[in-house]
Structure formats: structure tokens, C-alpha cells
S.K.: 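First the structure, which I've put down as C-alpha cells, then a few questions once you've had a look.
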Amino acid sequence: METFWNYLDQIIKSHELVIDRKKGSRHPKYPDMIYPLDYGYLQNTRSMDGGGIDVWVGSQIPPTVNGIFCTVDLIKEDSEIKIVIGCNLEEIKQIHEFHNDRFQAAIWIEKS
């Protein structure tokens, strides 16, 4: 398990984090979905949807990896991981609620 987190840390350190959806912004296709925290991706990486690896960024400083959410999306018919960086327990709860609705589900895996 330690190797997984070390590899994830290496990917994060070697790729630029792009925040393309600020806290409080609306999803471009689903305006009822409001982002509870900053959300973006790691530039020049690839995830299941062909885009960069997704990242949630919270308020803790220094920002360190808390864990990942594994998601399943019935609309997109895919699954992905979402890296969680610098989040407190309340922020992790907000992300969990965001990813668990009628069309998607997520489980939380905390960094050990």
C-alpha cells in the first residue's frame, strides 16, 4: 500500500495542478451540481475519461494527499479516482456527498 501512495505523491509533484472548477462554481453540463471545493486535474496525465487525473483541493496548509475517492458514474459509464489534497474531515464529507447521488457513487480510501 505504501508504494501506491509514494507513486501518487511522485505524480503529483511532477505535474502541474490546474484548477478549472473553483469552489462554488457550477458544473458546465449539470448546473444543479455546485462544486464544494476547488476541483481540477494534473496536467499531462491521463485518467479513464481521457482527461487528466482529477484532484480535489481543500483548505489545509501545507496541502498533502489525504486519500482518493473511487467513483462510478452511470451517465458517463465510467469509473475514476479523484485525488484529495489538503482536505479536513468536513471537506472530505462534502466531496463524498457531491459524488454520491442518483447517477454516481463513490467510496473513500484514506491514505494510511
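Start at 1 with the first residue, then count along the sequence.
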S.K.: Assess the side chains of K82 and Y39: does a donor N or O sit below 3.5 Å from an acceptor N or O?
M.R.: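 A pair is found: one side chain offers a donor N or O, the other an acceptor, under 3.5 Å apart.
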S.K.: Begin with the C-alpha distance, continue with both residues' side-chain angles, and end with the deciding distance and a verdict on side chain to side chain contact (heavy atoms under 4.5 Å, CB included) for C87 and I95.
M.R.: CA-CA 10 Å; C87 290; I95 298 166; 4.0 Å; yes
S.K.: Answer yes if I109 and V84 sit in the same cluster of Ile, Leu, Val, Met, Phe, Trp and Tyr residues linked by side chain heavy atoms under 4.5 Å apart, and no otherwise.
M.R.: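 Result: no, two separate clusters.
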S.K.: What pair of heavy atoms forms the shortest contact from V18 to Q43, and how long is it?
M.R.: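 Closest heavy-atom pair between V18 and Q43: CG2-OE1, 3.7 Å.
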S.K.: What heavy-atom pair brings S59 and E91 nearest, and what distance separates the two atoms?
M.R.: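 S59 and E91 have their closest heavy atoms at OG-OE2, 2.8 Å.
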S.K.: Does a salt bridge link K76 with D49, judged by any charged N lying under 4.0 Å from a carboxylate O?
M.R.: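 The answer is yes: the pair qualifies as a salt bridge.
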S.K.: Has D73 got a side-chain atom pairing as donor or acceptor with Q104's backbone, closer than 3.5 angstrom?
M.R.: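 Not at all, since once roles are kept as given, no pair shorter than 3.5 Å links the two residues.
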S.K.: Examine W108 and I68 and state if one hydrophobic cluster contains both, with Ile, Leu, Val, Met, Phe, Trp and Tyr joined whenever side-chain heavy atoms are less than 4.5 Å apart.
M.R.: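 As far as the 4.5 Å side-chain criterion goes, I68 and W108 are not connected within one cluster.
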S.K.: Between W56 and H99, does the ring centroid distance fall short of 6.0 Å?
M.R.: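 Yes, the ring of W56 comes within the 6.0 Å limit of the ring of H99, centre to centre.
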S.K.: Tell me, do P28 and R21 make a side-chain contact under 4.5 Å, heavy atoms counted?
M.R.: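 A side-chain contact under 4.5 Å exists here.
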S.K.: Same cluster or not: are F4 and V55 linked, directly or through other Ile, Leu, Val, Met, Phe, Trp or Tyr residues, by side-chain heavy atoms under 4.5 angstrom apart?
M.R.: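 Yes, same cluster.
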S.K.: Is the closest side-chain heavy-atom distance between N6 and E2 below 4.5 Å?
M.R.: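 A side-chain contact exists here, since the closest heavy-atom pair is under 4.5 Å.
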S.K.: Quick check: do I81 and D54 have side-chain heavy atoms less than 4.5 Å from each other?
M.R.: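 Side-chain contact under 4.5 Å: no.
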S.K.: Heavy-atom distance under 4.5 Å between the side chains of S112 and M1, does that happen here?
M.R.: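 Heavy-atom side-chain distance check passes, below 4.5 Å.
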S.K.: Between I12 and I83, does a side chain to side chain contact (heavy atoms under 4.5 Å, CB included) hold up when you go through it step by step?
M.R.: CA-CA 9 Å; I12 291 167; I83 303 170; 3.8 Å; yes
S.K.: List the atom of H96, the atom of A106, and the distance in Å for their closest heavy-atom pair.
M.R.: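 The pair with the smallest heavy-atom distance is NE2-O, 3.8 Å.
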S.K.: Go through it in stages, so that I can follow the logic: the residues are L37 and V57, the test is side chain to side chain contact (heavy atoms under 4.5 Å, CB included), and I'd like the CA-CA distance, side-chain angles, deciding distance and then a yes or no.
M.R.: CA-CA 6 Å; L37 303 168; V57 181; over 6 Å; no
S.K.: Any ring-ring contact (aromatic ring centres under 6.0 Å, His included) involving residues 7-34? Give me the pairs, sequence neighbours left out, ordered by first then second residue.
M.R.: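 Every ring-ring contact (aromatic ring centres under 6.0 Å, His included) pair that includes a residue of residues 7-34, provided the two are not neighbours, is H27-Y30.
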S.K.: Compare all side-chain heavy atoms of V72 with those of E80 and state whether any distance is below 4.5 angstrom.
M.R.: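 No, every pair of side-chain atoms sits at 4.5 Å or beyond.
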S.K.: Would one find more than 12 heavy atoms of other residues, nucleotides or ligands at under 6.0 Å from atom CD of E90?
M.R.: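 It does: E90 CD has more than 12 such atoms within range.
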S.K.: Does L17 belong to the same Ile/Leu/Val/Met/Phe/Trp/Tyr cluster as W5, with side-chain heavy atoms less than 4.5 Å apart forming each link?
M.R.: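 Same cluster.
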S.K.: Would you say that more than 12 heavy atoms from the other residues, nucleotides or ligands in this model lie under 6.0 Å from the CD1 of I75, or not?
M.R.: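 Yes, because the 6.0 Å sphere around CD1 of I75 holds more than 12 heavy atoms from other groups.
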S.K.: I'd like to know if K111 and D9 make a salt bridge, using a cut-off of under 4.0 Å between side-chain N and carboxylate O.
M.R.: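 Looking at K111 and D9, the cut-off is met.
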S.K.: Out of curiosity, I11 CD1 to N44 CG, how far, rounded to the nearest 0.5 Å?
M.R.: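 Nearest 0.5 Å value for the CD1-CG distance: 12.5 Å.
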S.K.: If you link I, L, V, M, F, W and Y whenever their side-chain heavy atoms are under 4.5 Å apart, who else ends up in the same group as I34?
M.R.: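 Members alongside I34: none; it stands by itself.
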S.K.: Closest heavy-atom contact between K22 and Y35?
M.R.: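 So the two residues come closest at O-CB, 4.0 Å.
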S.K.: Nearest 0.5 Å, what's the NZ-CG distance between K13 and L42?
M.R.: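 If I round to the nearest 0.5 Å, the distance is 13.0 Å.
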S.K.: Side chain to side chain contact (heavy atoms under 4.5 Å, CB included) for T64 and I85? Distances and angles first, verdict last.
M.R.: CA-CA 5 Å; T64 58; I85 299 175; 5.9 Å; no
S.K.: Once rounded to the nearest 0.5 Å, what's the spacing between atom OG1 of T3 and atom CD of Q10?
M.R.: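 Between T3 OG1 and Q10 CD, I get 10.0 Å after rounding to 0.5 Å.
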S.K.: When hydrophobic residues are tied together by side-chain contacts of less than 4.5 Å, even through go-betweens, does V65 share a cluster with I19?
M.R.: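 Yes; I19 is reachable from V65 via cluster members.
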S.K.: Roughly how far, to the nearest 0.5 Å, is the CZ atom of F69 from the CG atom of N66?
M.R.: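 Reported to 0.5 Å precision, the distance equals 9.5 Å.
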